[in-house]
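See below for the structure under consideration.
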Amino acid sequence: MARYNPKETEPKWRAAWESADVFRATIRPGKPKYYVLEMFPYPSGSLHVGHARNYAMGDVVARFKRARGFNVLHPMGWDAFGLPAENAAAERGVSPADWTFDNIARMREALKRLGLSIDWSRELATCEPAYYGRQQAWFLKLLARGLVYRKEGLVNWDPVDMTVLANEQVIDGRGWRSDAVVERRKLNQWFLKITDYADALLAGLETLDRWPDKVRLMQENWIGKSQGLRLTFPYADGVGGDDIDGLAVYTTRPDTLFGASFLAIAPDHPLAERLAAERPAVADFVAQCRKGGTSAADIESAEKLGFDTGVLVSHPFDLQKKLPVWIANFVLMDYGTGAIFGCPAHDQRDLDFARKYDLPVTPVVLPAGEDPAVFHVKQTAYVGPGRIYNSQFLDGLEIEAAKAAAVARTEALGRGVGATVFRLRDWGVSRQRGWGCPIPIINCAACGAVAVPDADLPVTLPADMDFSHPGNALARHPTWKHVACPGCGGAAIRETDTLDTFVDSSWYFARFADPAAPEVIDSAAADYWLPVDQYIGGIEHAVLHLLYARFVTRALADEGMLNIREPFAGLFTQGMVTHETYRRQNGEWLEPDEVEIAAEGGDRRARARDTDEPVVIGEPVKMSKSKRNVVAPEDIADTYGVDAARLFVLSDSPPERDVQWTSAGVEGAWRLINRIWAEFDVLADEAPAAAEPGDEGAATELRRATHRAVKAVTDAIEGFRFNSAIARLYEFVAALRACPSTPSTAAARTEALSALARLVAPFAPHLAEECWVTLGQTGLIALADWPRYDPALADDDEKVLPVQINGKRRGEVRAPAGATPLEVEKLVRESPDIIKRLEGLTVRKVIVVQDRIVNLVAG
RNA sequence: GCCGCCGUAGCUCAGUGGUAGAGCGCAUCCUUGGUAAGGCUGAGGUCGACAGUUCGAUCCUGUCCGGCGGCACCA
């Protein structure tokens with residue numbers, strides 16, 4: 001008997017799959033399709049075990065569904081534009097394209113080595129003109145539809161990466177990649193009108209019943225729908241001028257309108273800017289507001305600042321009542337109307353502001369049980385339920401009724417309208433980058449922004465950009481941007497901004513339906529394959545990528561290019577792979593290979609291999625280059641084979657949770673592989689032992705174990721509980737090892753081995769093929785059917801029922817499955833153990849749960 | 001502050017309204033022509049705390065404690 005040799009078998013089976021071309025997906029009308037997709041990787045050049053876990057999960061699903069009779073599409077591509085290529089170009093003088101394609105070649109080999117059942121004929125990279133040219137084509141379609149526009153506005157500027165960021169890419173006031181504190185700058189930017197779809201994207205979440213609740217909730221919060229009233233406060237003294245009849249305000253609390261004691265506008269509100277132009281004091285205040293940082297800590301601690309403009313407006317329900325207009329630093333220009341009315345009694349921010357600037361505080365919501373004569377709001381605003389008072393026609397109403405009444409009155413007066421406002425902003429897609437998809441626009445002094453004609457697409461990047469300086473290499477290129485205007489033929493300049501790389505990843509799943517199609521998306525192929533049935537990726541994309549992809553899908557559907565509303569019917573967000581960290585006494589990080597770990601008693605101690613000095617073992621954290629705790633799948637493959645690595649990353653933790661990479665864990669998986677292999681390997685050279693009494697019983701037990709295992713593993717894979725599935729494989733292998741190999745058990749053993757090979761196949765496909773051929777099968781296990789189970793065998797026909805007396809386990813009885821309570825009670829009362837236990841006690845009640853347990857209440 | 005998730009053996013984690021489990025680690029023993037290996041056996045748990053519902057709660061409900069994540073001056 002020989003140990004399993006992955007170095008020989010793994011490449012052999014990968015070659016067999018490739019030469020038989022078994023994973024190529026073709027449209028087969030009438031056969032149910034299943035589209036499995038993992039979020040495509042950025043080609044950084046190296047594959048780590050986090051990638052391996054992600055793609056192993058997708059591969060388990062793909063192989064399982066294939067065995068279950070589905071026509072499976074499982075493609076792979078590259079999210080290939082982005083900043084690291086520019087950095088490499090700047091540092092090493094290589095072209096971003098060369099660097100990227102070299103990395104792709106390396107990562108493709110690494111991925112292939114994992115034995116993934118991918119249709120490589122569909123491979124695509126977003127940096128190829130064949131891909132981004134089609135992206136330009138649909139961008140222009142959306143432009144024609146009015147879903148793309150250009151606007152001068154304040155943008156998030158990342159001073160390190162020297163580019164604009166979308167709101168979604170600013171995390172706690174810092175750039176999502178650079179971690180630099182983001183500045184606000186005024187720039188002319190292209191936007192995609194995602195806000196047109198805010199309601200649809202929110203409502204669509206309801207249909208995504210195979211998405212994690214967590215992700216749906218995060219998107220719901222991000223879209224941030226609120227119901228309220230948009231109303232106008234008329235200027236009291238004609239300040240507004242002819243074109244403006246009042247100051248527009250948005251509120252979700254129209255019921256508290258009579259508690260208004262001031263209005264506040266954002267520092268960049270048009271009225272503030274107009275006043276600033278006239279009065280230096282206003283200009284100074286506005287400038288002061290802009291100075292504050294945008295980090296979470298800054299905002300948290302920022303003191304409320306206000307400036308009384310002297311402008312007065314009238315209360316819309318009581319024109320005699322005048323309210324002052326302030327400029328306030330806590331009012332945001334890009335939410336609602338950029339102006340609020342302040343009701344200090346019932347809003348904490350307004351109350352802080354009113355106390356600081358000594359403005360009136362008038363409560364208008366009376367909590368139950370409070371006396372209106374003495375109820376006061378001091379330092380804490382009252383935001384709970386109650387009845388409205390001090391509010392004329394709203395008096396006596398509950399809050400919801402008062403809201404409706406206030407909206408109705410405002411609408412009747414023609415001073416406003418009930419309105420829905422979203423937190424979601426339009427998606428700014430302009431990036432000042434050279435290595436990205438050029439925005440297909442030509443700027444002409446005479447004609448303005450002109451779309452590049454279809455015939456001139458794709459607008460390709462020049463091959464000779466200079467990345468030796470920071471900033472936009474495309475804008476710096478000497479000749480590329482100079483073209484004739486397609487409208488008037490005059491000299492014009494190309495748009496030199498490129499599209500956010502999230503645009504690239506917002507539609508690739510649709511292009512996979514037919515990546516060679518001359519059209520943007522081949523409609524027959526898309527109709528067959530889409531939507532993606534199972535999408536798998538990191539939780540970090542819960543709002544960014546997943547929201548953009550949903551939006552683009554809807555926009556393309558409205559353009560007639562797709563027939564689905566949601567791109568991903570099922571979503572699974574997998575956890576990360578973590579690893580311990582190791583540091584020398586001087587703080588220097590060490591790689592796992594550089595450390596020798598020994599157990600001393602219950603403790604684990606680590607020493608540096610080179611100096612033998614003690615090393616500090618740190619908490620397991622996400623693998624990162626900076627902490628040097630990265631493990632490459634290749635290293636594991638050399639020692640134990642990729643099947644062991646695949647098994648381990650899926651076995652130790654539920655797929656949605658983080659898994660800690662340990663060498664002990666991989667060794668455990670390696671032992672499982674050898675135990676499995678040992679059961680098959682004996683077939684070749686060992687004659688069965690002579691029959692012995694009791695073999696028939698062992699054979700029956702094994703058959704039960706087999707059918708139980710098939711049922712349990714099938715259910716676990718369906719439910720995305722891969723760790724459970726592997727745990728059941730461990731149990732099944734133990735049962736198989738316990739069954740002697742004799743003439744009487746031969747049939748049961750053959751059945752068990754045939755099932756085992758196929759159950760293992762999604763997780764350890766190379767091993768499974770080797771087992772399959774050892775069984776004498778001629779076809780590939782990659783194409784074999786999933787095993788079936790017999791429910792009669794999967795369930796025991798005799799049950800062991802624990803017997804409790806007063807809730808404590810005191811014995812057990814054996815009863816046939818499905819025995820009635822009376823039958824079970826009879827068995828219990830005849831059991832010597834129980835009779836002894838019941839001496840001196842009176843049984844008051846007998847509870848029998850069928851096939852589960854018996855409880856005697858006695859005293 | 002609001003929302004969500006998690007807390008089970010030394011470690012990493014399954015699981016269930018009814019017998020508390022796996023892998024690794026640890027201990028003992030066996031094997032020493034599967035050998036930088038293999039195997040048997042075992043110890044180890046008030047299932048985060050308290051209360052409620054129940055014949056029975058690790059599981060359901062509530063409160064609290066601890067850890068993690070998302071959102072956050074959004075009117």
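A quick note: this is a predicted structure, and the numbers were derived from the prediction, not measured. Just so we're on the same page: letters track the sequence lines, and every chain starts at 1.
With its glycosidic angle within 90° of 0, B/G34 is assigned syn.
For A/Arg721, whose side chain is taken as the heavy atoms from C-beta onward, the closest listed nucleotide among B/G69, B/G15, B/C73 is B/G15.
Taking atom P in both B/U28 and B/G42, one finds a spacing of 16 Å when rounded to whole Å. Annotation: B/G21 and B/G45 have their C1' atoms spaced 11 Å apart (nearest Å).
Using a 4.5 Å cut-off on side-chain heavy atoms (C-beta onward), A/Glu220 and A/Leu205 make contact.
The partner of B/C2 is B/G70, by the rule that a Watson-Crick or G-U pair needs both atom distances under 3.5 Å. For B/G7, the paired nucleotide is B/C65, the pair qualifying as Watson-Crick or G-U wobble because both relevant distances are below 3.5 Å. Checking B/U19 for Watson-Crick or G-U wobble geometry (two distances, each under 3.5 Å) identifies no partner in any strand. Base pairing annotation: B/U53 forms no Watson-Crick or G-U wobble pair, as no partner gives both donor-acceptor distances under 3.5 Å.
Rounded to an integer number of Å, the gap from CZ of A/Arg349 to C1' of B/C2 is 13 Å.
Centroid-to-centroid, the aromatic rings of A/His315 and A/Phe341 stay 6.0 Å apart or farther. A ring-centre distance under 6.0 Å is not found for A/Tyr730 and A/Phe732.
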Report each atom pair, protein N/O against N/O of nucleotides 59-61 of chain B, whose distance is under 3.5 angstrom.
none

Restricting to nitrogen or oxygen on both sides, can you table the protein-nucleotides 36-41 of chain B pairs closer than 3.5 Å?
residue : atom : partner  : partner atom : Å
B/G39   : OP1  : A/Arg675 : NE           : 3.3
B/G39   : OP1  : A/Arg737 : NH2          : 3.4

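With sequence neighbours excluded, the residues satisfying ring-ring contact (aromatic ring centres under 6.0 Å, His included) with A/Phe353 are A/Phe262, A/Trp326, A/Phe330, A/Tyr357.
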